[in-house]
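To start, the structure under review is shown below, and the notes come after it.
Given the structure is predicted, the values throughout are model-derived calculations rather than measurements.
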Amino acid sequence: MQDGIGPAIGIGLVPAGDNEPVAAIKAHELAVQFGPAEFYRGKVMGNEVFYDALAVLRGKKIVGSVYRAAPFRPWRALGWSNMWELGEHFRNYADEYRDAVHEHFFNAVPESRQIFALSMRDTHTSMVPALAWVIEHTEPGEPLLADVSAKLTQLARDHRRHGFPAEIYSRFDDALVAGLRVLALTQYQYNFACDVIHQVCATMADAARESDAAGEAPAHSAQVVAVDHPTRETSIIRVEAGLAVPYQPGQHFPVTTQYLPGQWRMLTPAQPSDGTGQVVFHVSTADEASRSLAHAQPGDWWTLGQPAGGISLQNAGAGELVIIAYGTGWATARCAALAALGDKDRSRVPRLFAVAGSPGAHYDTYFQQNLAALGAPVRRIVREEQDPWLLNARELAPGADYVVSGEPTDVVVNEVELSTGTPPRFLLVGPADEVVEGAERLVQRGVGKQQIDVLSWGRDGRWQPEDYAALT
């Protein structure tokens, strides 16, 4: 062993003393490559210390971020940095890893191929981001965090709609491990990834068994009974199931049909559950699969998975709820307003802003006027004064005025009281690009991030890595 170094690994001496940042950066590089067991050691002010390489990434001073030799747990010292690097590696090679996993799984369970999309490009697209997210939130040698387990439990319940028994997770565990061969991991990284995979599959299998034992239906079959096309780009679809379909405002259903094998779209009901088994969806022609749903005909059969997600209409100590709905995000706002109006406590009725590209894209103005008469007025905002050609929009309801603004969020901020009383809560609903833009604009106008919630589609944000600041 060379002087000033921990286990010698043949890469040379890391300077100590006046060159602590260099030593820490080198330690980080080595820890990522070889794992925290082979960790460089130096001397600062005559005391043996272990440099915390993650401190370099966080922009902290090295002198104030060293670990003295006793007590010392190298797994924890570099846990976050290794998890972050490994999660990023999975994301960077998501397609290669997913293809390798599917190759093994479909060979082991041939009948599983038929439940996935015909195009491999559309198959299991969130699998690798989800696994990377768990890796980023799990410490080596430790069990899954409670929040991570809760998220995986809900995911397992969602996946029951595919019809697989809980026992399939052991086969999928094998496939996930077999696919690791394409990632060129070190032995330490491989062992850590395997441990996470085993915990993920065991957690999801247990959750699926619990739901089976509780008699929860994995999915609902519903028939299309009415279709309306208020614009060329939007359809209102009413489906009817044989039994009541319980759900909460803001929850979404995974939806598919016989002509969309293996493809599911997340749709949010536009009215509260009423026990009749009827559910109304507002569908935009955002992509090929959504267009297929939007062009449904009466008599078609849809499959609805279990509802997930949701919003809180009442939050103790919070101010009024302000909902900004973009496009067919109006369905969520509509459902929330109806639920609040049906409650005895009218203080929960949200303040509603509906944003569309042009006047005709406000496709539900007659109902919005009815809501206003009941005590839930809707402020309509459009980005452009003129409707695009071939929108085929209907006339707006009498009295359904609107304001034109290229920055819809500015209209909201100017009309909502931010400076006095309890700060309001903001819920932004709609396509991901518009929701993200709106949330960023709210922050720029002085709204705290903790006051903003989002429900969006078009981008799976469930498995995005947090910033390092959020992890500390």
With no hydrogens and no angle check, is any side-chain donor or acceptor of [X] less than 3.5 Å from a backbone partner on [Y]?
X	Y	value
T234	P230	no
Y402	H362	no
Q451	P424	yes
R160	E216	yes
H282	Y363	no
S235	A294	yes
T365	A397	yes
T256	Q263	yes
D195	N191	no
H89	E85	no

Heavy-atom side-chain contact between [X] and [Y] under 4.5 Å:
X	Y	result
F281	L304	yes
I237	V239	yes
V134	I197	no
T303	V255	no
V382	V403	no
Y326	L428	yes
V412	F426	yes
V101	M127	yes

Task: Sole residue of D387, V404, T231 in side chain to side chain contact (heavy atoms under 4.5 Å, CB included) with S358 - done: D387

Task: Residues, nucleotides or ligands: over 12 heavy atoms within 6.0 Å of R232 CZ - done: no

Open item on the list: Taking CD in E385 as the centre, count heavy atoms belonging to other residues, nucleotides or ligands within less than 6.0 Å. Is the count above 12?
Closed with: yes

Atom [atom1] of [X] and atom [atom2] of [Y]: how far apart are they, to the nearest 0.5 Å?
X	Y	atom1	atom2	value
M266	L455	CE	CG	13.0 Å
H220	R161	NE2	CZ	12.5 Å
L260	S292	CG	OG	4.5 Å
L152	M204	CG	CE	6.0 Å
R98	L131	CZ	CG	13.5 Å
T409	F353	OG1	CZ	10.5 Å

Please determine if [X] and [Y] form a salt bridge, counting it only when a charged side-chain N lies under 4.0 Å from a carboxylate O.
X	Y	answer
R91	E136	yes
E233	R291	no
R425	E320	no
R394	D364	no

Classify the side-chain pair [X]/[Y] by whether it contains a donor and acceptor separated by less than 3.5 Å.
X	Y	value
Q368	R380	yes
D274	Q278	no
D158	Q154	yes

Open item on the list: Using a 6.0 Å distance limit plus a 45 degree cone around the ring axis, check whether R334 lies over the aromatic ring of F367.
Closed with: yes

Open item on the list: Under 6.0 Å between ring centres: does that hold for H252 and Y247?
Closed with: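 No; Y247 has its ring centre 6.0 Å or more from that of H252.
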
Task: CA sep, side-chain torsions, deciding dist, call: K449, E440, salt bridge (Lys or Arg N to Asp or Glu O under 4.0 Å) - done: CA-CA 9 Å; K449 291 183 178 181; E440 291 175 349; over 6 Å; no

